[in-house]
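The structure appears below as structure tokens.
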Amino acid sequence: MTEHVMDESVLTEAAGSERRKRQRFVAKRWGSVCFWVWIDGVRLPVNDLSLEGFSAPCPEPFAAVGQTFRFVLQLEGIPDEVCGEAVTMNFVFGAEGGVLGCRFATLEGDGAMRLHDWLTIHVISTATVRISEREAAAIVSGPSLV
């Protein structure tokens with residue numbers, strides 16, 4: 001089963017500026033990368049991640065803005081994966097390559113639920129104050145604070 005997480009109107013507007021609706025979380029824990037993405041056989045560290053999408057450093061985009069590509073997300077030390085298709089929202093060149101900004105188009109199987117669980121655990125483990133699972137889940141599901 002594939003869950004569609006983005007409607008077709010977003011694909012046609014992909015060349016426009018990205019408007020984040022969900023909070024993105026830095027994909028590091030205690031200074032180390034903990035989320036990874038495989039795209040076209042290349043493993044990349046994830047910069048940030050949300051229920052909507054992710055960004056990752058890479059030398060060049062895997063698909064033109066507005067085009068989709070397959071991906072596999074992994075959480076360090078966990079054998080489960082989140083698979084699906086993402087759409088390239090933007091690609092910003094920098095001194096050491098670029099940064100690819102993506103939005104999820106589809107997540108396969110229980111990928112949406114698994115991603116929510118991963119992010120909830122991530123928020124709990126990286127919080128600087130004590131936070132309950134319920135509070136962390138609300139933060140993950142809630143709107144962007146930026």
Side-chain angles (χ1 to χ4, degrees), residues 2-6 10-11 14-146:
T2 299
E3 178 180 348
H4 293 277
V5 292
M6 182 173 61
V10 175
L11 289 173
S17 64
E18 180 179 10
R19 291 179 181 31
R20 295 180 181 176
K21 294 184 175 129
R22 306 269 184 176
Q23 182 67 31
R24 285 207 181 183
F25 302 97
V26 174
K28 290 187 175 185
R29 192 175 297 151
W30 305 294
S32 297
V33 173
C34 56
F35 290 98
W36 298 86
V37 63
W38 284 90
I39 304 170
D40 200 25
V42 178
R43 183 180 189 226
L44 302 169
V46 173
N47 286 339
D48 59 53
L49 179 64
S50 77
L51 296 177
E52 285 185 325
F54 65 92
S55 72
C58 63
E60 58 188 50
F62 290 93
V65 172
Q67 299 298 307
T68 60
F69 59 90
R70 298 224 14 99
F71 72 89
V72 175
L73 277 174
Q74 297 175 321
L75 175 57
E76 190 73 37
I78 304 295
D80 293 335
E81 299 176 332
V82 172
C83 304
E85 287 191 343
V87 63
T88 300
M89 297 303 291
N90 56 44
F91 185 82
V92 179
F93 286 98
E96 296 181 21
V99 177
L100 178 67
C102 307
R103 187 174 288 187
F104 298 127
T106 61
L107 297 175
E108 296 175 1
D110 64 351
M113 182 180 70
R114 183 174 297 129
L115 180 58
H116 187 277
D117 289 348
W118 286 0
L119 288 172
T120 299
I121 292 166
H122 184 64
V123 168
I124 291 168
S125 67
T126 59
T128 56
V129 296
R130 181 170 282 199
I131 187 169
S132 71
E133 183 176 345
R134 184 176 174 195
E135 292 167 323
I139 291 168
V140 170
S141 297
S144 176
L145 303 173
V146 178

Minimal heavy-atom distance between N47 and P57, with the atoms involved, is OD1-CD, 3.3 Å

Rounded to the nearest 0.5 Å, the OG1 atom of T106 sits from the CZ atom of F71 at a distance of 7.0 Å

Heavy-atom closest pair (L75 atom, C34 atom, distance to 0.1 Å) is CD1-O, 3.2 Å

So CD1 of I78 and CH2 of W118: to nearest 0.5 Å the spacing works out to 8.0 Å

Closest non-hydrogen contact found for I124 with I131 is CA-CG2, 3.8 Å

Distance col, row D80:CG vs D110:CG, nearest 0.5 angstrom, shows 8.0 Å

Rounded to the nearest 0.5 angstrom, the CG-CZ distance for L119 and R114 is 13.0 Å

Query raised in the report: With side chains defined as the heavy atoms from C-beta onward, is the minimum distance between T88 and Q67 less than 4.5 Å?
Result: no

**Request:** May I ask you to decide if the ring planes of F54 and F104 are parallel, tilted or perpendicular, using 30° and 60° as cut-offs?
**Result:** tilted

Here the pair of heavy atoms bringing E133 nearest to T120 is O-CG2, 3.8 Å

Worksheet item: H122 vs F35 aromatic rings, parallel, tilted or perpendicular, using cut-offs 30° and 60°?
Response: perpendicular

Closest non-hydrogen contact found for S55 with V99 is CB-CG1, 4.1 Å

Shortest non-hydrogen pair, V72 vs E81, comes out as CG1-CD, 3.5 Å

Atom pairs and distances, side-chain donor-acceptor, residues 37-46, under 3.5 Å, sequence neighbours left out:
from	atom 1	to	atom 2	distance (Å)
W38	NE1	Q74	OE1	2.9
R43	NH2	E76	OE1	3.4

One should read off an interatomic distance between M89 CE and L100 CG, to the nearest 0.5 angstrom, of 11.0 Å

